[in-house]
Amino acid sequence: MKRELILVLDFGGQYNQLIARCVRECNVYAEVHPYTLAIEEIKKMNPMGIIFTGGPNSVYEESSPHYDPEILNLGIPVLGICYGSQLMAYMLGGKVTTAPVSEYGRTKVLADTSSKLLHGIDEETDVWMSHTDYIEKVPEGFRITAHSSVCPVAAMENAAKKLYATQFHPEVTHTREGRKILSNFVYTICGCAGDWKIDSFVESKIRQIRDAVGDGRALCALSGGVDSSVAAVLMSKAIGKNLTCVFVDHGLLRKDEGDQVEAVFGPSGKYDLNFIRVNAAQRFYEKLKGAEEPEEKRKIIGEEFIRVFEEEAKKIGAVDFLVQGTIYPDVIESGLGKSAVIKSHHNVGGLPDCVDFKEIIEPLRMLFKDEVRRAGRELGLPAELVSRQPFPGPGLGVRIVGEVTSEKVRIVQEADAIFREEIDKADLPKCPGQYFAALSNMRSVGVMGDFRTYDYAVVLRAVNTTDFMTAECSEIPFEVQQTCMRRIINEVKGVNRVMFDLTSKPPGTIELE
Ligand code: XMP
């Protein structure tokens, strides 16, 4: 069966992934592609609709991303958002200029709800604006369907040609009725039926893998995180004992985590998997000796991981396929590809260059994180595993500022276990998206009993975030903070100070390194 597709054409906007996710939440499959995708490719993909994303440029600059105007004549409905709306106007002979007043943030617009796009929303509604240019004059055949006090064309359309545009961002939650607008686009305008459901994805993926792998053997690097766990279980449903999972315990996991992963996936767990646990902590600590710089540590850990994995793969021998838990945000190619590298994230993702496999299988390649979690539930994975917080591939290696030692690992593991226990116990009305302990490289003087101490400062960090791209410090009640501080200092040897990190992202990042 051909799946319905909405194509999101990325012009460098910050919210491109969010657009695709919102469309998928309407049960319609969406993919993000860079604006450099050839029109011939688009025709082959035969999407039910196309969305132009926002972007940082001005349409009238020569170097700005543009597209073949033919795309607007294919008869496929197009929705332009922000830069995408200006581009649509520009391509069709409308006028785009610098607005006398830039609009950033929540704004009220007046909407003509007779528009198919805006049908069913309030006539006065809150939307999220973020622009310095605006459409001054709409192209011929278009009508204005929304405006704000300073933006004459907050939405426009040529319904006969199925072309629609909003200056505001329907995909961000601050646009109160944005979901309704996107749903109008995909259902009423594009005519989608909504065939994207996670259970049908899981079933068809299992069948597809079975066909592709046949009697071949596959190896999966299992970290115990959500993505690789879901990938492993899905693969095992597809090919059973022809799958071997290798779990490398690099000694940088959270307290008891290695045993927990083994309990779920090992011989006493409920999955009938070939499971190999490699206890490689000492090896990693050796390699990390003297390394202080975060990127250097990440590279050492990534490299060593590959070496351990490679050795195991050789022992097993004759493995045709490598399974990776890559997910969609990891693969989306940015339209402009100019974003700066803040950190080189190491998942177990960097493996394939070094080991000799015929093919790589990435069963979750097209899924967003929340969809991976739903797939995990569908596959019967334990709830606590499916809803786990993200944990970086280099583990505590990037939660220990400066050189990593086994002693520091012990401290941060114990402090982290206490902090997580107390937060879970506190049952906060808004649970932080990620919370953990890290170890600053600072030692300071304290007094315990009648003795001088010269010990480490533990940093506690709790953030609210939905996409992990931005984050705000969570509000932790003072009594909970005090309990954590007291317990950590009393129970964790080597700590005499506890600090709470209040920094948001940006300017900070979530992890300390
Ligand atoms: P940052 O620290 O960049 O983190 O704000 C954003 C999210 O990514 C996780 N993270 C990593 N995940 N390998 C990973 O697999 C890494 O090297 C890595 N560094 C950060 C982090 O925990 C947060 O959820």
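Order of listing sets the numbers, starting from 1, for every ligand and every atom in it. These numbers were taken from a predicted model, which means no experiment stands behind them.
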Visitor: Polar-atom distance check: K505 versus ligand 1, any N or O pair below 3.5 Å?
Guide: yes
Visitor: Check this for me - ligand 1, P390, N or O atoms closer than 3.5 angstrom, yes or no?
Guide: no
Visitor: Once side chain to side chain donor-acceptor pair (under 3.5 Å) is applied, do any residues pair with E286, and if so which ones, sequence neighbours excluded?
Guide: K289
Visitor: Who are the ring pair (Phe, Tyr, Trp, His ring centres under 6.0 Å) partners of Y271, not counting sequence neighbours?
Guide: F265
Visitor: Evaluating non-hydrogen atoms only, which member of R399, E513, E511 is closest to atom 21 (C) of ligand 1?
Guide: E511
Visitor: Do any nitrogen or oxygen atoms of P394 come within less than 3.5 Å of a nitrogen or oxygen of ligand 1?
Guide: no
Visitor: Is there a side-chain contact (heavy atoms from CB on, under 4.5 Å) between V498 and L460? Walk through the geometry before answering.
Guide: CA-CA 7 Å; V498 172; L460 301 182; 3.7 Å; yes
Visitor: What do you reckon, does R298 have a nitrogen or oxygen under 3.5 Å from a nitrogen or oxygen of ligand 1?
Guide: yes
Visitor: Number the atoms of ligand 1 from 1 as they appear, then name those within less than 4.0 Å of a heavy atom of T509, with their elements.
Guide: 1 (P), 2 (O), 5 (O)
Visitor: Going by atom types alone, do T53 and N16 pair a side-chain donor with an acceptor below 3.5 Å?
Guide: no
Visitor: Does the Lys NZ or Arg CZ of R217 fall within the cation-pi geometry relative to F321 - under 6.0 Å from the ring centre and within 45° of the axis?
Guide: no
